[in-house]
Amino acid sequence: MNARAFDLTQLRTFIAIHDAGSISAAAEQIFLSQSTVSEQLQKLEARAGQSLLVRSRKGMRPTPAGTRLLSYARQISALSEAAFEDLQGVLLDGELRIAITDYYRPHDVGRVLKRFTSLYPRLRLHVSAMQSAQIERTALTGEQFDVGLVLRLMNEDVGRGAKALGYRTPGTLVRRERLVWAMSSTLAEPLGEPLPLVTLPPSCALQSLVLGVLERHNVPYRISHSAAGVAGMQLALGAGLGISCLNESALTPDLVVCPPSLGLPSLPRAEFHLLPGRADETDLIRHARNALLRLFA
C-alpha cells in the first residue's frame, strides 16, 4: 500500500462511525463486528498519524484533523462509487429536478451540488429551494421535482407523519444538527421584554416550533421582522433586528449562539431526510438519489 494513501474501506468505516455516533452503532449499520470497526479506525488513525475521533457525552466527535479528513473521505467514497457505476453502465444522462430545504447547509450546498455535477457531467440539474412542508406535500406527485430533501424535527413522530402523507417509509436520514437560538454578534444584552423575534412564514416548521416553545415557557415576545426565507432571516439577524432559531450549519460568521444568560428554552435537534422514491420513478432518478445520498451526508 502506498505510504501516502488511505485505505478506502477504512475511510468508509470512519464515515460510518462519525455518522452513527458510536462504534457499536456503526458496526450494526455496516454489518461488521465492533472489534473489526475499532481496529479499522485504529489503523486509519495510525496512517493519519493523529487522533481522528474522540469520545464525548454525545458520542464520537471528530477532532480538527478528523473534521478535515471527513470531507475528503466523503468525496473519495463518492468518486469511487461513481467510477464503479460508470464502468457498470449506470450513466446519469438526462434532467434531474431537486427540491432542497433552504436550511440545509446554506453556506456549502452549492459546493455539494457542483461536486455532484462534476461527477455526472451529462446530468442537467434544476434545483429549487423550497419549504420542507411544500416539498413533503408535493413529493408523491412528481410534478415539481424528482428528489426532495427536507428538514424534520426530532420531537416529531417522523414515521407516522410520513405515512399520513402517503409515504411507505420516512426516507433516509442524511444529517443531524443542533437547533440554536441565534443573534447578531454585535447585539447588546439585555434585549429587554418582550423579546424581539425574527420569524419566517407560518408554514415553516421551525417558525411554529419557535412560537410554541416560547409560549409554553411563558416567554413574552414581539415580531420585530418577518423574513421570506432563511437568507432573509440571516440578514435580519446579522443586522441586529432580533433573535431566532437556526440550525447550526445556517449560522453565518456575524451570528452567535445566544448566551445562557438570556434564559431561552432548550430546543430539539433537527434532521435532514432524503425523501423516498415514488413507485413509478425511473432508473435515472433512483440512481441519482443514491448518488446524492452519498454527497448530502
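Sequential numbering from 1 along the given sequence is applied to the chain's residues.
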Worksheet item: Do Glu45 and Leu41 come within less than 4.5 Å of each other through their side chains, counting heavy atoms only?
Response: yes
Determine whether the side chains of Thr252 and Gln234 contain a donor N or O and an acceptor N or O closer than 3.5 Å.
no
In terms of heavy-atom contacts, Asp146 and Arg278 come closest through O-NH1, 4.0 Å
The residue among Val54, Thr67, Ile17 that forms side chain to side chain contact (heavy atoms under 4.5 Å, CB included) with Pro62 is Thr67
Is a side-chain donor or acceptor of Gln40 paired with a backbone partner of Gln10 at a separation under 3.5 angstrom?
no
| query | Will you find, in the side chains of Tyr221 and Glu215, an N or O donor that is under 3.5 Å from an N or O acceptor? | reply | yes
Between Ser244 and Met233, the two heavy atoms sitting closest are OG-CE, 3.3 Å
Q: Start with the C-alpha distance between Arg178 and Glu248, add both sets of side-chain angles, then the distance that settles salt bridge (Lys or Arg N to Asp or Glu O under 4.0 Å), and finish with yes or no.
A: CA-CA 6 Å; Arg178 281 198 313 152; Glu248 280 188 305; 2.8 Å; yes
Inset, instruction - May I ask you to test the Pro276-Thr172 pair for a side-chain heavy-atom distance under 4.5 Å? - result: no
In this structure, OG of Ser71 is separated from CG of Asp108 (nearest 0.5 Å) by 8.5 Å
*Judged by atom type as modelled, is there a donor-acceptor pair below 3.5 Å linking the side chain of Thr63 to the main-chain atoms of Gly66?*
yes
Of all heavy-atom pairs linking Ser224 and Pro196, the shortest is OG-C, 3.8 Å
- Taking the six-membered ring for Trp, are the ring centroids of Phe272 and Tyr103 within less than 6.0 Å of each other? no
From the list Asn247, Leu206, Asp102, Leu235, side chain to side chain contact (heavy atoms under 4.5 Å, CB included) with Val230 holds only for Asp102
- Short question: side chain of Arg105, backbone of Val112 - any donor-acceptor pair under 3.5 Å? no
Fill in: Whether Trp181 side chain and Pro265 backbone form a donor-acceptor pair below 3.5 Å
yes
Rounded to the nearest 0.5 Å, the OG atom of Ser128 sits from the CZ atom of Arg97 at a distance of 9.0 Å
**Prompt:** Between Glu271 and Arg152, is the closest basic N to carboxylate O distance under 4.0 Å?
**Reply:** no
If you count every heavy atom of other residues, nucleotides or ligands that lies below 6.0 Å from Arg222 atom CZ, does the total exceed 12? yes
Smallest heavy-atom separation, Val198 atom then Ala236 atom, equals CG1-CB, 3.9 Å
_Quick check against the 3.5 Å criterion: does Ser80 have a side-chain atom that pairs as donor or acceptor with the backbone of Ile76?_
no
Heavy atoms of Gly240 and Leu187 approach each other most closely as O-CD1, 3.5 Å
#### Entry: Lys/Arg-Asp/Glu bridge criterion (N-O < 4.0 Å) met for Glu177, Arg175
yes
query = Does Phe145 offer a backbone N or O that forms a donor-acceptor pair with the side chain of His126 under 3.5 Å?
reply = no
For the backbone of Phe14 and the side chain of His18, can you confirm whether one donor and one acceptor N or O come within less than 3.5 Å of each other? no
Between Asp19 and Arg74, does any side-chain N to carboxylate O distance fall below 4.0 Å? yes
Original post:
Does Thr13 use its side chain to pair, donor to acceptor, with the backbone of Thr9 at less than 3.5 Å?
Top reply: yes
query: Going by atom types alone, do Thr36 and Ser33 pair a side-chain donor with an acceptor below 3.5 Å?
result: yes
